[in-house]
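To start, the structure under review is shown below, and the notes come after it.
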Amino acid sequence: MTRTDDILPSAIEAIGKTPIVELSRFTRGVDGRILAKLEYLNPGFSKKDRIARQIIEEAEAQGVLKPSQTVVELTSGNTGTGLAIVCGIKGYPFVAVMSKGNSTERARMMAALGAEVVLVDQLPDSKPGQVSGGDLALVEKEAQRIVQQRHAFRADQFLLAGNVRAHYLHTGPEIILQSAGAFDAFCDFAGTGGSFAGCAAAFKEHNPGIQCFVVEPEGAAVLCGEPVTRPNHRIQGGGYSMADLPLLRHDHIDGYIKVTDQEAIKAARRLAKEEGLFAGFSSGANVAAAMQLLQGRCKGMTIVVLLSDSGLKYLSTDLWD
């Protein structure tokens, strides 16, 4: 007999409560543990589903999003996918503005979910698969133009507190509950900084001794104060060489970890082959950073990471052999 209390009214209610897996094969021979939260098991295959729901529902509650009003946001593909799902179910037209440098799978998925996808040309010296801060600035300019033209609501993931609150209210507490609070550190690749900021705030409230580290690409580690020498890295979804991420609280940052493209790619491939976890570039970066920590200042500790999105979103890239 079907239990009606197990039936969800829509895919929106399926967002969150993702499982945690210990990467015991990945860390074999290393003194310490890595716990990975499988955010790619959200309906849109990424952690960004959480912020899409939070931003839209907060805008509704505040009265700044009107019935049937168009929603617009720039995206590398994941926030756009989450917004396509939430807006489609709630009846808001959604326009996703994305650089042509991001993987084609993301654009096709958003379109399949009902989004209008606007693709923006990259800078002349940029390469597909390598979206720089300059490329993102072009996307931002186009998003602003569309918002004005259509009198749209801007679901601004770089500025709106809903991005942080999604992880402060949900992702972070879920991790604390699932692990019984038995972890020592957290590291997270910075795009908007929202998942780091929200989780770090929840963790520091629970236990101020939990160390929280921002992960950046080698050559584009501006948050730790280094000059940009390689803006066109291959770790999609972050590392945009933006020295000021408004959502970050610097008093919650215990350190910075730099990861190369090859370290991120190697870790993502190992996750797939050794752990059966098919995740993307930034997930590989997070696990590679955690391994650096276990081999250094966090030796013998337990580190939490997010597997931010699915490897299915990168089949057209060189992430996979």
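Counting from 1, the numbers follow the sequence of the chain as shown.
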key: From CD1 (Ile210) to CE (Met301), nearest 0.5 Å   = 11.5 Å

request  = Decide side chain to side chain contact (heavy atoms under 4.5 Å, CB included) for His167 and Ile51; before the verdict, give the C-alpha distance in whole Å, the side-chain angles of both, and the deciding distance to 0.1 Å.
outcome  = CA-CA 8 Å; His167 299 290; Ile51 76 167; 3.5 Å; yes

Of Phe281, Phe186, Phe189, Phe213, the residue whose pairing with Asn286 passes side chain to side chain contact (heavy atoms under 4.5 Å, CB included) = Phe189

ask   = Stepwise, does the side chain to side chain contact (heavy atoms under 4.5 Å, CB included) test hold for Thr79 with Phe158?
value = CA-CA 11 Å; Thr79 299; Phe158 281 89; over 6 Å; no

Residues which pass side chain to side chain contact (heavy atoms under 4.5 Å, CB included) with Asp321, listed by chain and number, not counting sequence neighbours = Arg269, Lys273

message = Could you measure the distance from the CD atom of Glu218 to the CD atom of Glu263? Nearest 0.5 Å is fine.
response = 7.5 Å

query = Could Glu275 and Arg25 be called an ion pair, given the rule that one side-chain N must be under 4.0 Å from one carboxylate O?
reply = yes

Side chain to side chain contact (heavy atoms under 4.5 Å, CB included) partners of Ile12, counting only residues at least two apart = Ser10, Arg53, Glu57, Val86, Ile89, Lys90

message = Among residues at least two apart in sequence or on other chains, which ones pass side chain to side chain contact (heavy atoms under 4.5 Å, CB included) with Gln149?
response = Arg145

Verdict with reasoning, Asp261 to Arg230, per side chain to side chain contact (heavy atoms under 4.5 Å, CB included) = CA-CA 11 Å; Asp261 291 347; Arg230 197 167 178 274; 2.7 Å; yes

message = Can you tell me how far apart CG (Leu35) and CD1 (Ile175) are? Round to the nearest 0.5 Å.
response = 9.0 Å

request  = For residues Val131 and Ser126, determine if any side-chain heavy atom of one lies less than 4.5 Å from a side-chain heavy atom of the other.
outcome  = no

ask   = Which pairs pass side-chain hydrogen bond (donor to acceptor under 3.5 Å, both in side chains) with one or both residues in residues 114-124, sequence neighbours excluded?
value = Lys100-Asp121, Glu116-Arg150, Gln122-Asp135

ask   = Quick one: side chain to side chain contact (heavy atoms under 4.5 Å, CB included) partners of Asp251, sequence neighbours excluded?
value = Arg249

inquiry  = Does this structure show an ion pair linking Lys37 with Asp188, if we count only N-O contacts that are shorter than 4.0 Å?
reply    = no

query = Thinking salt bridges, do Arg154 and Glu140 make one under a 4.0 Å N-O criterion?
reply = yes

message = For Val120, is there any backbone N or O sitting under 3.5 Å from a side-chain donor or acceptor partner on Glu142?
response = no

request  = Please examine the side chains of Val304 and Ser179, heavy atoms only from C-beta on, and report whether any two atoms are closer than 4.5 Å.
outcome  = no

ask   = If we only count heavy atoms from C-beta on, is the Ile34 to Met291 side-chain gap below 4.5 Å?
value = yes

Value rounded to 0.5 Å, distance of CD1 in Ile176 from OG1 in Thr171 = 11.0 Å

ask   = What is the minimum heavy-atom distance between Ala202 and Gly172, and which atoms define it?
value = CB-CA, 4.1 Å

note = What one should report as the nearest heavy-atom pair of Asn232 and Ser132 is OD1-CB, 3.3 Å

ask   = Can you name the closest pair of heavy atoms from Gly194 and Asn163 and give their distance?
value = CA-OD1, 3.3 Å

Nearest-0.5 Å distance, CG of residue Leu294 to CD1 of residue Ile303 = 3.5 Å

ask   = Heavy atoms, side chains only, cut-off 4.5 Å: are Lys48 and Thr75 in contact?
value = no

Over all atoms of both residues, closest heavy-atom pair of Ala285 and Val259 = O-CG2, 3.7 Å

ask   = Can any side-chain N or O of His233 pair as donor or acceptor with the backbone N or O of Gly239 at less than 3.5 Å?
value = yes

request  = Can you see which heavy atom on Ala289 is nearest to which on Ile257, and at what distance?
outcome  = CB-CG2, 3.6 Å

message = If hydrophobic clusters are built from ILVMFWY residues whose side chains come within less than 4.5 Å, do Val64 and Ile55 share one?
response = yes

task = For Gln69, enumerate each residue passing the side-chain hydrogen bond (donor to acceptor under 3.5 Å, both in side chains) test, keeping only those at least two apart in sequence or located in another chain.
result = none

key: Side chains of Lys313 and Gln236 in contact at under 4.5 Å (non-hydrogen atoms)   = no

Single-linkage hydrophobic cluster Leu248~Tyr168, side-chain heavy atoms < 4.5 angstrom = no

inquiry  = Is there a continuous path of hydrophobic side-chain contacts, each under 4.5 Å between heavy atoms, that joins Leu83 to Leu65?
reply    = yes

inquiry  = Restricting to non-hydrogen atoms, name the atom on Pro19 and the atom on Gln178 that form the minimum distance, rounded to 0.1 Å.
reply    = CA-NE2, 3.8 Å

inquiry  = Pairing donors with acceptors under 3.5 angstrom, does anything connect the side chains of Gln157 and Thr192?
reply    = no

inquiry  = My understanding is that only one of Ser283, Ser282, Ser195 makes a side-chain hydrogen bond (donor to acceptor under 3.5 Å, both in side chains) with Lys47; could you say which?
reply    = Ser195

request  = Determine whether Leu41 and Leu177 fall in the same hydrophobic cluster, where Ile, Leu, Val, Met, Phe, Trp and Tyr are linked whenever their side-chain heavy atoms lie under 4.5 Å apart.
outcome  = no

query = Between Phe278 and Tyr40, is the gap from one ring center to the other below 6.0 Å?
reply = no

ask   = To the nearest 0.5 Å, what is the distance between OG1 (Thr18) and CD (Glu39)?
value = 3.5 Å

ask   = Should Glu105 and Phe45 count as side-chain neighbours, where that means a heavy-atom distance under 4.5 Å?
value = no

key: Test side chain to side chain contact (heavy atoms under 4.5 Å, CB included) applied to Tyr240 and Leu245, step by step   = CA-CA 10 Å; Tyr240 297 123; Leu245 291 178; over 6 Å; no

ask   = Met110, Val72: one ILVMFWY side-chain cluster at the under-4.5 Å cut-off?
value = no

ask   = Is the backbone of Glu22 close enough, under 3.5 Å, to the side chain of Arg33 for a donor and an acceptor to pair up by distance?
value = no

key: Side-chain touch Leu113/Phe94, heavy atoms, less than 4.5 angstrom   = no

query = Does the side chain of Glu226 reach to within under 4.5 Å of the side chain of Tyr256, using non-hydrogen atoms?
reply = no

request  = Could you tell me whether a side-chain N or O of Gln54 sits under 3.5 Å from a main-chain N or O of Arg165, the two making a donor and an acceptor?
outcome  = no

